[in-house]
Protein chains: 2
Amino acid sequence: MADQLSKVFAALADPTRRDLVARLTVGDATVGDLAKPYDISVQAISKHLKVLEDAGLVTKARQAQKRPVHLEAQVFDLMTAWIERYRRQAEERYSRLDAVLADLNAAQEGLAS
Amino acid sequence: MADQLSKVFAALADPTRRDLVARLTVGDATVGDLAKPYDISVQAISKHLKVLEDAGLVTKARQAQKRPVHLEAQVFDLMTAWIERYRRQAEERYSRLDAVLADLNAAQEGLAS
DNA sequence: GACTTATTCAACCAAACAGTTGACAACTGG
DNA sequence: CCAGTTGTCAACTGTTTGGTTGAATAAGTC
(Lines give C-alpha, C1' and ligand atoms only; values in the text may rest on other atoms or scores of the structure.)
Protein backbone atom coordinates (compact mmCIF):
# COMPACT_ATOMS: atom_id res chain seq x y z
CA MET A 1 0.00 0.00 0.00
CA ALA A 2 1.33 3.41 -0.98
CA ASP A 3 2.15 6.15 1.51
CA GLN A 4 -0.31 8.97 1.99
CA LEU A 5 1.72 11.62 0.18
CA SER A 6 1.83 9.41 -2.93
CA LYS A 7 -1.91 8.87 -2.66
CA VAL A 8 -2.61 12.58 -2.35
CA PHE A 9 -0.51 13.45 -5.38
CA ALA A 10 -2.00 10.57 -7.36
CA ALA A 11 -5.52 11.62 -6.37
CA LEU A 12 -4.99 15.16 -7.62
CA ALA A 13 -3.34 14.01 -10.86
CA ASP A 14 -6.81 13.43 -12.31
CA PRO A 15 -8.65 16.55 -13.60
CA THR A 16 -12.07 15.17 -12.65
CA ARG A 17 -10.91 14.64 -9.07
CA ARG A 18 -9.32 18.10 -8.91
CA ASP A 19 -12.64 19.47 -10.11
CA LEU A 20 -14.52 17.57 -7.39
CA VAL A 21 -12.16 19.00 -4.77
CA ALA A 22 -12.67 22.49 -6.20
CA ARG A 23 -16.43 22.13 -5.95
CA LEU A 24 -16.24 20.81 -2.40
CA THR A 25 -14.45 23.97 -1.26
CA VAL A 26 -17.76 25.73 -1.90
CA GLY A 27 -19.61 23.36 0.39
CA ASP A 28 -20.40 19.72 1.18
CA ALA A 29 -22.39 17.81 -1.41
CA THR A 30 -23.89 14.36 -1.91
CA VAL A 31 -22.43 11.82 -4.33
CA GLY A 32 -25.38 12.25 -6.65
CA ASP A 33 -25.12 16.04 -6.72
CA LEU A 34 -21.42 15.79 -7.41
CA ALA A 35 -22.01 13.37 -10.27
CA LYS A 36 -24.65 15.45 -12.09
CA PRO A 37 -22.37 17.82 -14.08
CA TYR A 38 -20.36 14.98 -15.65
CA ASP A 39 -21.54 12.61 -18.34
CA ILE A 40 -19.84 9.63 -16.79
CA SER A 41 -21.77 7.20 -14.57
CA VAL A 42 -22.49 7.80 -10.89
CA GLN A 43 -20.43 4.69 -10.13
CA ALA A 44 -17.39 6.25 -11.76
CA ILE A 45 -17.76 9.34 -9.56
CA SER A 46 -18.23 7.11 -6.54
CA LYS A 47 -14.89 5.48 -7.41
CA HIS A 48 -13.21 8.86 -7.79
CA LEU A 49 -14.53 9.85 -4.37
CA LYS A 50 -13.15 6.63 -2.93
CA VAL A 51 -9.71 7.56 -4.25
CA LEU A 52 -10.01 11.00 -2.65
CA GLU A 53 -11.21 9.36 0.56
CA ASP A 54 -8.29 6.90 0.64
CA ALA A 55 -5.95 9.86 0.21
CA GLY A 56 -7.61 11.51 3.21
CA LEU A 57 -8.77 14.48 1.17
CA VAL A 58 -12.43 13.81 1.78
CA THR A 59 -14.75 12.17 4.31
CA LYS A 60 -18.32 10.90 3.97
CA ALA A 61 -21.03 11.19 6.57
CA ARG A 62 -24.32 9.33 6.48
CA GLN A 63 -27.60 11.15 6.48
CA ALA A 64 -30.53 8.94 5.53
CA GLN A 65 -29.64 7.30 2.19
CA LYS A 66 -27.38 10.19 1.29
CA ARG A 67 -23.66 10.42 2.00
CA PRO A 68 -22.67 14.08 2.16
CA VAL A 69 -19.05 14.43 1.12
CA HIS A 70 -16.83 16.81 3.06
CA LEU A 71 -13.45 18.24 2.11
CA GLU A 72 -10.63 17.72 4.63
CA ALA A 73 -8.44 20.66 3.70
CA GLN A 74 -5.70 19.94 6.24
CA VAL A 75 -4.28 17.24 3.96
CA PHE A 76 -3.19 20.02 1.64
CA ASP A 77 -0.61 20.82 4.31
CA LEU A 78 1.16 17.52 3.65
CA MET A 79 1.78 18.49 0.05
CA THR A 80 2.60 22.07 0.82
CA ALA A 81 5.15 20.91 3.37
CA TRP A 82 6.82 18.60 0.87
CA ILE A 83 6.85 21.18 -1.89
CA GLU A 84 8.08 24.00 0.32
CA ARG A 85 10.83 21.91 1.82
CA TYR A 86 12.44 21.18 -1.52
CA ARG A 87 11.65 24.52 -3.04
CA ARG A 88 13.45 26.20 -0.17
CA GLN A 89 16.42 23.85 -0.51
CA ALA A 90 16.59 24.52 -4.25
CA GLU A 91 16.36 28.26 -3.76
CA GLU A 92 19.06 28.15 -1.12
CA ARG A 93 21.32 26.41 -3.55
CA TYR A 94 20.67 29.05 -6.16
CA SER A 95 21.55 31.78 -3.67
CA ARG A 96 24.81 30.00 -2.90
CA LEU A 97 25.44 29.70 -6.62
CA ASP A 98 24.72 33.38 -7.03
CA ALA A 99 27.20 34.12 -4.27
CA VAL A 100 29.85 31.97 -5.94
CA LEU A 101 29.24 33.65 -9.28
CA ALA A 102 29.44 37.05 -7.63
CA ASP A 103 32.76 36.05 -6.07
CA LEU A 104 34.05 34.85 -9.41
CA ASN A 105 33.01 38.10 -11.02
CA ALA A 106 34.66 40.07 -8.25
CA ALA A 107 37.86 38.03 -8.68
CA GLN A 108 37.84 38.65 -12.43
CA GLU A 109 37.20 42.32 -11.89
CA GLY A 110 40.20 42.28 -9.62
CA LEU A 111 42.34 40.66 -12.31
CA ALA A 112 41.07 42.96 -15.02
CA SER A 113 41.75 46.17 -13.19
CA MET B 1 -2.20 14.77 -23.90
CA ALA B 2 -2.77 15.74 -20.29
CA ASP B 3 -2.41 19.28 -18.98
CA GLN B 4 0.76 20.26 -17.19
CA LEU B 5 -0.77 20.40 -13.72
CA SER B 6 -1.98 16.80 -14.08
CA LYS B 7 1.47 15.78 -15.28
CA VAL B 8 3.20 17.46 -12.37
CA PHE B 9 0.94 15.80 -9.79
CA ALA B 10 1.25 12.44 -11.55
CA ALA B 11 5.03 12.78 -11.71
CA LEU B 12 5.27 13.41 -7.98
CA ALA B 13 2.87 10.58 -7.11
CA ASP B 14 5.78 8.14 -7.48
CA PRO B 15 8.15 7.90 -4.48
CA THR B 16 11.18 7.18 -6.69
CA ARG B 17 10.51 10.33 -8.68
CA ARG B 18 9.99 12.41 -5.54
CA ASP B 19 13.29 11.05 -4.32
CA LEU B 20 14.99 12.05 -7.57
CA VAL B 21 13.61 15.56 -7.22
CA ALA B 22 14.79 15.70 -3.60
CA ARG B 23 18.30 14.72 -4.63
CA LEU B 24 18.34 17.26 -7.45
CA THR B 25 17.68 20.08 -5.01
CA VAL B 26 21.19 19.39 -3.69
CA GLY B 27 22.69 19.84 -7.13
CA ASP B 28 22.61 18.73 -10.76
CA ALA B 29 23.54 15.12 -11.47
CA THR B 30 23.94 12.78 -14.43
CA VAL B 31 21.47 10.02 -15.22
CA GLY B 32 24.03 7.40 -14.16
CA ASP B 33 24.75 9.07 -10.85
CA LEU B 34 21.05 9.37 -10.15
CA ALA B 35 20.52 5.70 -10.96
CA LYS B 36 23.26 4.32 -8.71
CA PRO B 37 21.41 4.27 -5.35
CA TYR B 38 18.49 2.25 -6.72
CA ASP B 39 18.53 -1.41 -7.66
CA ILE B 40 16.35 -0.90 -10.69
CA SER B 41 17.89 -0.59 -14.16
CA VAL B 42 19.34 2.64 -15.58
CA GLN B 43 16.66 2.48 -18.27
CA ALA B 44 13.94 2.60 -15.66
CA ILE B 45 15.49 5.72 -14.12
CA SER B 46 15.82 7.22 -17.58
CA LYS B 47 12.08 6.68 -18.02
CA HIS B 48 11.33 8.30 -14.65
CA LEU B 49 13.41 11.29 -15.65
CA LYS B 50 11.48 11.52 -18.92
CA VAL B 51 8.26 11.72 -16.93
CA LEU B 52 9.73 14.50 -14.78
CA GLU B 53 10.96 16.23 -17.93
CA ASP B 54 7.54 16.03 -19.62
CA ALA B 55 6.05 17.59 -16.50
CA GLY B 56 8.56 20.44 -16.79
CA LEU B 57 10.14 19.64 -13.42
CA VAL B 58 13.52 18.86 -14.87
CA THR B 59 15.71 19.71 -17.89
CA LYS B 60 18.66 17.89 -19.39
CA ALA B 61 21.77 19.53 -20.84
CA ARG B 62 24.32 17.75 -22.95
CA GLN B 63 27.94 17.68 -21.93
CA ALA B 64 30.01 15.08 -23.79
CA GLN B 65 28.24 11.71 -23.43
CA LYS B 66 26.71 12.81 -20.14
CA ARG B 67 23.35 14.52 -19.66
CA PRO B 68 23.40 16.53 -16.45
CA VAL B 69 19.88 16.76 -15.09
CA HIS B 70 18.74 20.06 -13.63
CA LEU B 71 15.74 20.79 -11.40
CA GLU B 72 13.34 23.51 -12.58
CA ALA B 73 11.90 24.57 -9.27
CA GLN B 74 9.54 27.20 -10.69
CA VAL B 75 7.08 24.47 -11.68
CA PHE B 76 6.39 23.98 -7.98
CA ASP B 77 4.60 27.33 -8.18
CA LEU B 78 1.93 25.80 -10.40
CA MET B 79 1.01 23.30 -7.72
CA THR B 80 1.32 25.75 -4.89
CA ALA B 81 -0.99 28.13 -6.72
CA TRP B 82 -3.62 25.43 -7.24
CA ILE B 83 -3.40 24.20 -3.66
CA GLU B 84 -3.44 27.65 -2.09
CA ARG B 85 -6.37 28.78 -4.19
CA TYR B 86 -8.64 26.04 -2.92
CA ARG B 87 -7.21 25.93 0.56
CA ARG B 88 -7.98 29.62 0.95
CA GLN B 89 -11.51 29.11 -0.37
CA ALA B 90 -12.07 26.22 2.03
CA GLU B 91 -10.71 28.14 4.99
CA GLU B 92 -12.88 31.11 4.15
CA ARG B 93 -15.90 28.86 4.24
CA TYR B 94 -14.88 27.47 7.62
CA SER B 95 -14.56 30.99 9.02
CA ARG B 96 -18.07 31.76 7.83
CA LEU B 97 -19.27 28.51 9.40
CA ASP B 98 -17.47 29.41 12.62
CA ALA B 99 -19.22 32.77 12.62
CA VAL B 100 -22.61 31.11 12.15
CA LEU B 101 -21.93 28.63 14.96
CA ALA B 102 -20.79 31.44 17.21
CA ASP B 103 -24.03 33.28 16.49
CA LEU B 104 -26.05 30.15 17.25
CA ASN B 105 -24.19 29.67 20.52
CA ALA B 106 -24.76 33.29 21.44
CA ALA B 107 -28.47 32.92 20.68
CA GLN B 108 -28.71 29.77 22.85
CA GLU B 109 -26.80 31.45 25.66
CA GLY B 110 -29.35 34.21 25.39
CA LEU B 111 -32.21 31.71 25.70
CA ALA B 112 -30.60 29.81 28.56
CA SER B 113 -29.92 32.77 30.74
C1' DG C 1 -44.73 -5.33 2.29
C1' DA C 2 -43.76 -3.07 -2.19
C1' DC C 3 -41.58 0.93 -4.48
C1' DT C 4 -38.19 4.70 -4.94
C1' DT C 5 -33.91 6.95 -4.08
C1' DA C 6 -28.97 6.99 -3.09
C1' DT C 7 -24.91 4.63 -3.09
C1' DT C 8 -21.74 0.88 -3.47
C1' DC C 9 -20.00 -3.83 -4.94
C1' DA C 10 -18.44 -7.01 -8.60
C1' DA C 11 -16.96 -8.44 -12.92
C1' DC C 12 -15.20 -6.97 -16.93
C1' DC C 13 -12.38 -4.21 -20.56
C1' DA C 14 -9.02 -1.12 -22.78
C1' DA C 15 -5.36 1.97 -22.02
C1' DA C 16 -1.49 3.53 -19.34
C1' DC C 17 2.38 2.46 -16.28
C1' DA C 18 6.64 0.61 -14.13
C1' DG C 19 9.64 -2.55 -14.75
C1' DT C 20 12.52 -5.90 -17.65
C1' DT C 21 16.18 -7.18 -21.47
C1' DG C 22 18.53 -6.33 -25.76
C1' DA C 23 20.08 -3.39 -29.45
C1' DC C 24 21.52 1.07 -30.96
C1' DA C 25 23.42 5.99 -31.03
C1' DA C 26 26.64 9.46 -29.63
C1' DC C 27 30.59 10.88 -27.96
C1' DT C 28 35.79 10.34 -25.86
C1' DG C 29 40.29 9.05 -25.31
C1' DG C 30 44.10 5.92 -26.33
C1' DC D 1 39.78 3.99 -35.81
C1' DC D 2 38.43 1.08 -31.98
C1' DA D 3 36.96 0.33 -27.32
C1' DG D 4 34.54 2.01 -23.66
C1' DT D 5 31.17 4.96 -21.47
C1' DT D 6 26.60 7.11 -21.17
C1' DG D 7 22.17 7.29 -22.33
C1' DT D 8 17.96 6.18 -25.06
C1' DC D 9 14.76 3.34 -28.07
C1' DA D 10 11.93 -0.84 -28.75
C1' DA D 11 9.47 -4.77 -27.58
C1' DC D 12 7.56 -7.40 -24.07
C1' DT D 13 5.20 -8.34 -19.39
C1' DG D 14 2.42 -7.86 -15.20
C1' DT D 15 -0.24 -4.46 -12.63
C1' DT D 16 -3.01 -0.34 -11.97
C1' DT D 17 -6.50 2.76 -13.56
C1' DG D 18 -10.72 4.84 -15.35
C1' DG D 19 -14.49 3.60 -17.36
C1' DT D 20 -18.57 0.39 -18.28
C1' DT D 21 -22.99 -2.48 -16.91
C1' DG D 22 -25.74 -5.13 -13.71
C1' DA D 23 -26.85 -6.63 -9.13
C1' DA D 24 -26.93 -5.69 -4.11
C1' DT D 25 -27.61 -2.88 0.10
C1' DA D 26 -29.76 0.68 2.84
C1' DA D 27 -33.04 3.95 4.10
C1' DG D 28 -37.49 6.52 3.43
C1' DT D 29 -42.32 6.61 1.60
C1' DC D 30 -46.85 4.86 0.33
Side-chain angles (χ1 to χ4, degrees), chain A residues 1-24 27-72, chain B residues 1-24 27-72:
Chain A
M1 204 170 294
D3 58 302
Q4 194 185 8
L5 192 50
S6 293
K7 284 188 193 172
V8 175
F9 278 121
L12 296 178
D14 185 290
T16 304
R17 286 192 295 256
R18 280 204 305 281
D19 198 50
L20 289 170
V21 168
R23 290 175 51 207
L24 285 169
D28 296 2
T30 67
V31 177
D33 287 347
L34 288 169
K36 256 167 220 152
Y38 309 96
D39 54 359
I40 60 179
S41 65
V42 180
Q43 290 96 317
I45 295 295
S46 182
K47 273 192 186 180
H48 278 308
L49 289 170
K50 188 155 179 39
V51 173
L52 291 171
E53 200 176 10
D54 287 349
L57 277 159
V58 130
T59 52
K60 287 185 206 138
R62 22 187 45 209
Q63 175 184 300
Q65 316 96 308
K66 304 185 179 183
R67 310 263 185 302
V69 182
H70 174 77
L71 184 67
E72 298 291 334
Chain B
M1 202 171 295
D3 59 301
Q4 194 185 7
L5 193 48
S6 294
K7 285 188 192 171
V8 174
F9 278 122
L12 295 178
D14 184 291
T16 304
R17 286 193 294 255
R18 280 203 306 280
D19 199 49
L20 289 170
V21 168
R23 291 175 51 207
L24 285 169
D28 297 3
T30 67
V31 177
D33 287 347
L34 287 169
K36 256 167 221 152
Y38 309 96
D39 55 358
I40 60 178
S41 64
V42 180
Q43 289 95 318
I45 296 296
S46 182
K47 273 192 189 178
H48 278 308
L49 288 170
K50 189 157 179 40
V51 173
L52 291 172
E53 200 176 9
D54 286 350
L57 277 159
V58 129
T59 53
K60 286 183 206 140
R62 25 186 42 208
Q63 173 184 304
Q65 314 96 307
K66 305 185 177 182
R67 310 260 186 303
V69 181
H70 174 77
L71 183 66
E72 299 291 336

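Residue numbers start from 1 in every chain, and the chains themselves are labelled A, B, ... in the order their sequence lines are given, proteins ahead of strands.
In this structure, L49(A) atom CG and dT8(C) atom P are separated by 7 Å, rounded to whole Å. What separates CG of L34(B) from C1' of dG7(D) is a distance of 12 Å, to the nearest Å. Straight-line distance from the OH atom of Y38(B) to the P atom of dA18(C): 14 Å, rounded to whole Å. The separation between E53(A) atom CD and dT7(C) atom P is 13 Å, rounded to whole Å. Atom pair L52(A):CG and dT17(D):P shows a separation of 13 Å (rounding to whole Å applied). Regarding I45(B), its CD1 atom lies at a distance of 16 Å from the P atom of dC9(D), rounded to whole Å. Taking atom NZ of K66(B) as the reference point, atom C1' of dT28(C) lies 11 Å away to the nearest angstrom. Between the C1' atom of dT20(D) and the CG atom of D39(A) lies a distance of 13 Å, rounded to the nearest Å.
Side chain K47(B) to base dG19(C): a donor-acceptor pair is found below 3.5 Å.
What you find for Y38(A) and I45(A) is that their closest heavy atoms are CD1-CD1, 3.7 Å. Of all the heavy atoms in L12(A) and R18(A), the pair that sits closest is O-NH1, 2.8 Å. V69(B) and L24(B) make their closest contact through O-CD2, 3.5 Å (heavy atoms, listed as atom of the first residue, atom of the second, distance). Smallest separation of non-hydrogen atoms from R23(A) and D33(A): NH2-O, 3.3 Å.
For S46(B) and dG7(D), the shortest distance from a side-chain N or O to OP1 or OP2 is not below 4.0 Å. The side chain of K60(A) places an N or O atom within less than 4.0 Å of a non-bridging phosphate oxygen (OP1 or OP2) of dT8(C). Listed pair K50(B) / dG7(D) fails the phosphate criterion, with no side-chain N or O lying under 4.0 Å from OP1 or OP2. Residue S41(B) places at least one side-chain N or O closer than 4.0 Å to OP1 or OP2 of dT20(C).
Within 6.0 Å of the NZ atom in K60(A), the count of heavy atoms belonging to other residues, nucleotides or ligands exceeds 12.
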**Message:** Treating primed atoms plus P, OP1 and OP2 as sugar-phosphate and everything else as base, which nucleotides of nucleotides 23-30 of chain D get B, S or - for protein heavy atoms under 4.0 Å?
**Reply:** ----BS--

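When each of dG18(D), dA18(C), dA6(C) is scored by its nearest atom to the side-chain atoms of H48(B), the top-ranked nucleotide is dA18(C).
The CG atom of L49(A) lies 11.0 Å from the CG atom of L57(A); values are rounded to the nearest 0.5 Å.
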**Message:** Checking V31(A) against L34(A) for the side chain to side chain contact (heavy atoms under 4.5 Å, CB included) test, could you report, in this order, the C-alpha distance in whole Å, the side-chain angles of both residues, the deciding distance, and whether it holds?
**Reply:** CA-CA 5 Å; V31(A) 177; L34(A) 288 169; 5.7 Å; no

